[in-house]
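Below is one structure; the comments refer to it alone.
We number each residue from 1, following the sequence as shown.
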Amino acid sequence: MDEHNKTITAIHLLGLQTPQSLTFLVFFVFLLFYCLTLCGNFLIITLVSYSKSLHSPMYFYLSQLALSDMLLTTDILPNMLHAVLENTTIISIPNCITQLYFFGVSITFECLLLTVMSYDRYLAICKPLHYTLLMSHRFCWMTIIASWNLSFLAVLTYTLDMSKLQFCGPNIIDHFFCDLDPILHLSCSSTSLVQLLVTLSTIFFAVIPFFGIIISYIYIIVTIFEIPSITGRQKVFSTCSSHLTVVSIFYGTLLFVYLIPSRGQVSRRGQLLNFTKFLSILYTALIPLMNPIIYSLRNKDLKQVVGRIVNKLHLHP
């Protein structure tokens, strides 16, 4: 039977294809990334839960961002580490779609969460007198529950349809995880419905939220420029600089990955795949590691809570 017409049940992920001499170094680096990401994000969640001074909407949303980052990195990095050691890894079609599902959930949730966080900053800066009333404890929980539920349901719509597709050989994906585009390229069934559902999901849960963030920051910037003193402007801007940094890195990376020219350009195929892998590493491994660092370095409240905990440990060894 022709290899291209043969139904497959498993996929070979080629991984990063690192030289044999660098295998253990690359493995150690990404293992370190994984451990630091889990520890850093778990620390954020613990600090927000532990300290009453951090029981505010901004820190509540930050703890949810940390939870989402832990989900993303745990979905991708363990399998990637295995691929680094073995120089390739075999994953069944159902497991591949499951990995894609949780990857999609975490990305979708982060798009929605960053939008809610921008709304929080908008109210804090532009509507300070109404902030406490509008950003109530109940409202915060409602937005988080809605964001998680919408993320799970949105990704479920197209991954369920993907599970009904028939996949044919060759069963090789030149990537380190099961991303959408490489999987669909293996399908010998029509993928038009899946692509339609993905497009609709992208519009409603990535593009529209992105414009919501832009609109929020337009109002924020206008409000900041209305403050007469430079010191006042800097102080107000510092309250949203961490969020703006995270949004810029997150959306910037996604835009580069999914707006890359067609991989059908044979002359540049290798370069494009390598560039895609590099950017994919950025948003699956580095961004979840960087988020707690970005928020911690620019946040006096978090530093104070850590300082108090350290002092207590010194006083009560």
Checking Ile183 against Cys178 for the side chain to side chain contact (heavy atoms under 4.5 Å, CB included) test, could you report, in this order, the C-alpha distance in whole Å, the side-chain angles of both residues, the deciding distance, and whether it holds?
CA-CA 7 Å; Ile183 299 176; Cys178 296; 3.6 Å; yes

What are the two closest non-hydrogen atoms of [X] and [Y], and how far apart are they?
X      : Y      : result
Ile287 : Phe250 : CD1-CA, 4.0 Å
Ala10  : Ile93  : N-CG1, 4.1 Å
Ser201 : Ala154 : OG-CB, 3.9 Å
Leu54  : Val48  : O-CG1, 3.9 Å
Ile97  : Ser163 : CD1-CA, 3.7 Å
Ile125 : Thr223 : O-CG2, 3.7 Å

Atom [atom1] in [X], atom [atom2] in [Y]: separation rounded to 0.5 Å?
X      : Y      : atom1 : atom2 : answer
Ile11  : Ile173 : CD1   : CD1   : 4.0 Å
Ser118 : Leu123 : OG    : CG    : 9.5 Å
Tyr50  : Leu43  : OH    : CG    : 12.0 Å
Ser151 : Glu110 : OG    : CD    : 10.5 Å
Asp181 : Leu186 : CG    : CG    : 10.0 Å
Ile224 : Cys126 : CD1   : SG    : 8.0 Å

Any heavy-atom pair between the side chains of [Y] and [X] that's under 4.5 Å?
X      : Y      : result
Met135 : Phe60  : no
Pro182 : Asp174 : no
His243 : Tyr217 : yes
Phe139 : Thr143 : yes
Ile76  : Gln99  : yes
Tyr295 : Val246 : yes
Ile249 : Ile294 : yes
Thr23  : Val84  : yes

Heavy-atom neighbours of Tyr131 OH exceed 12 at 6.0 Å:
yes

Do the side chains of [X] and [Y] join up, straight or via other hydrophobic residues, at under 4.5 Å, putting them in one cluster?
X      : Y      : answer
Ile172 : Leu13  : no
Leu72  : Leu150 : no
Leu114 : Trp141 : yes
Leu180 : Leu71  : yes
Leu85  : Leu14  : no

Go through Phe152 and Thr108 one step at a time and tell me if the side chain to side chain contact (heavy atoms under 4.5 Å, CB included) criterion holds.
CA-CA 9 Å; Phe152 282 117; Thr108 303; over 6 Å; no

Anything under 30° is parallel, anything over 60° is perpendicular, the rest tilted; go ahead and classify Trp148 against Phe109.
parallel

Give me the ring orientation class for Tyr283 and Phe103: parallel if the planes are under 30° apart, tilted from 30 to 60°, perpendicular past 60°.
tilted

With side chain to side chain contact (heavy atoms under 4.5 Å, CB included) as the test, pick out the partner of Thr253 among Leu286, Thr284, Ile281, Leu282.
Leu282

Would Phe24 and Phe27 count as a ring pair (Phe, Tyr, Trp, His ring centres under 6.0 Å) here? Give the steps.
CA-CA 5 Å; Phe24 288 104; Phe27 177 81; 7.3 Å; no

Do Ser190 and Ser192 pass the side chain to side chain donor-acceptor pair (under 3.5 Å) test, and can you show the C-alpha distance, the side-chain angles, and the key distance before you say yes or no?
CA-CA 6 Å; Ser190 174; Ser192 55; 3.1 Å; yes

With side chain to side chain contact (heavy atoms under 4.5 Å, CB included) as the test, would you mind laying out the steps for Asn171 and Ile90 before giving the verdict?
CA-CA 10 Å; Asn171 61 337; Ile90 300 174; over 6 Å; no

